[in-house]
Amino acid sequence: MTTRKIIMDCDPGHDDAIAIILAAARPELEILAITTVSGNAEIEKTTMNALKVCDLVSRPDVVVSKGASEPLIRIRETAPGIHGDSGLDGPELPEPSRSWSGEHGADTIIRLVKESKEPVTILPTGPLTNIALALTKAPEIKDNIEEIVLMGGGTFGNWTPTAEFNIWADPEAAKKVFDSGLPIVVMGLDITHQALATKEVIDQVNQIDNNVAKIVGELLVFFASTYKEMFDFDGAPVHDVLTVAYCVAPELFKTKDVNVTVETKGEFTAGTTLVDLHGVTGREVNAKFGLELDVEGFWKLMIEALKKY
Ligand code: RIB
Ligand code: CA
C-alpha cells in the first residue's frame, strides 16, 4: 500500500484529538509528526494533550513538537468554555509517557518536509501560526508540500458573527497561508457543522468494546455538552476530523473551487474568510471549499476506525 505522509498541526482540543485517533487508525496515512499550537488552550496544555492522545493510541513513534504559544501579532485567546480548562476536559487520561521533541513545531515542519522523499500533506486544525512561521522561515518547503487540508473559516462565524475561531485567532497567519499559492482544501463551518456527534452516534461509539472508543465517547459527551450550552446544538461538531476523513475518503465530500480571502484589517470583521462561492470578486481560485458531507458514510468510517483499536 502506498502511504500518504502527513503532518498534523493542532490545538487538542476534543475534535483535534479525535482527528489524531482517526489518522492513527488508517494504515494509508504515515503521521510524520504532530505539531502543536496555542488555540483551544495554551500551548503547554495543547502539547500535553497531544502527547496523551499519542499514548492513548499507542503511538510513541510519532514526533510531537511544541509550536507557537502566541499568534503572530495579536493577543492570544483560548476557548475553555468549549474544551474546558485542560483543553481536553471529560475523560481522565494518564500523564504522558514522554516529553515533546524539544524542536519548535515550525522547525519540525520545515525539517520533515525537506527530508521527505515524497510530498507531505499538512493538516492544520488550529490557528495557522506554525504554518505561517514555517512558510516565512523556509518558503522553499512549498515545493514538497502536496496540499494543505485545513479546518477553518466558512461563510459564517462561531467566534464572532463572521469569523471562525482558528482563523480569528491569527488572521495574519491565515492570510499568509491562503496567499501562499499552495493547494488548500478548506473544511469550514459550512461542512463541519454537518458532522454532528449526536446522542445516536455517541451511543454507537459506546457500544465499541475498547479503551480508545471509551475515551472518544467521553470526549464527545463533554464536547456535546458545551456545544449545547454555548450554541444549543444537538450534538458536537467534530470539525477537525473532517481533514483526516478527506485525506482517506475524498468521495465523502462535495467541494467547490473558490477564492478565499482573509480579512485582517476590519475592526469588527478581522478573521472573516470571504468565500467567493459565485466568483463575483474575480479573484483567482485558491482553495477547494467543503460544501457537503456524506454524513452516514463519515460516521461509518469513524466507527470502523474505532473498532480497530
Ligand atoms: O472553530 C472550530 C475550530 O476551533 C476547531 O479546530 C476546534 O478544535 C477549535 O480549534
Ligand atoms: Ca482544533
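In listed order, ligands and their atoms are each counted from 1. Here, residue 1 is the first one in the sequence, and each next residue gets the next number.
Not counting sequence neighbours, the partners of Thr272 by the side-chain hydrogen bond (donor to acceptor under 3.5 Å, both in side chains) test are Thr162. With sequence neighbours left out, Glu42 forms a side-chain contact (heavy atoms from CB on, under 4.5 Å) with Lys45, Arg76, Thr78.
The pair Glu172-Lys176 does not count as a salt bridge, with every side-chain nitrogen at least 4.0 angstrom from each carboxylate oxygen. For the pair Glu146 and Lys5, the salt-bridge criterion is not met [side-chain N within less than 4.0 Å of a carboxylate O]. One finds a salt bridge joining Glu218 and Lys214 here, because a Lys/Arg side-chain nitrogen approaches an Asp/Glu carboxylate oxygen to under 4.0 Å.
Annotation: side chain of Asp16 is not in contact with side chain of Thr46 (no heavy-atom distance under 4.5 Å).
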For ligand 1, list all ligand N or O to protein N or O distances below 3.5 Å, rounded to 0.1 Å.
| unit_1 | atom_1 | unit_2 | atom_2 | d |
| --- | --- | --- | --- | --- |
| ligand 1 | 1 (O) | Asn158 | ND2 | 2.8 |
| ligand 1 | 1 (O) | Glu164 | OE2 | 2.5 |
| ligand 1 | 4 (O) | Asn166 | OD1 | 3.2 |
| ligand 1 | 6 (O) | Thr125 | O | 2.9 |
| ligand 1 | 6 (O) | Asn166 | ND2 | 3.0 |
| ligand 1 | 6 (O) | Asp240 | OD1 | 2.6 |
| ligand 1 | 6 (O) | Asp240 | OD2 | 3.1 |
| ligand 1 | 8 (O) | Asp15 | OD1 | 2.7 |
| ligand 1 | 8 (O) | Asp15 | OD2 | 3.1 |
| ligand 1 | 8 (O) | Asp16 | OD1 | 3.0 |
| ligand 1 | 8 (O) | Asn40 | ND2 | 3.0 |
| ligand 1 | 8 (O) | Asp240 | OD2 | 3.1 |
| ligand 1 | 10 (O) | Asp11 | OD1 | 3.3 |
| ligand 1 | 10 (O) | Asp11 | OD2 | 3.0 |
| ligand 1 | 10 (O) | Asn40 | OD1 | 3.2 |
| ligand 1 | 10 (O) | Asn40 | ND2 | 3.2 |
| ligand 1 | 10 (O) | Asn166 | OD1 | 2.9 |

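Annotation for Glu296: atom CD does not count as buried by contact number, only 12 or fewer foreign heavy atoms lying within 6.0 Å.
Protein-derived N/O/S atoms nearer than 3.0 Å to the Ca ion (ligand 2) total 5, waters excluded.
Between Phe165 and His239, the ring centre distance reaches or exceeds 6.0 Å.
Rounded to the nearest 0.5 Å, atoms NZ (Lys66) and OG1 (Thr47) are 6.0 Å apart.
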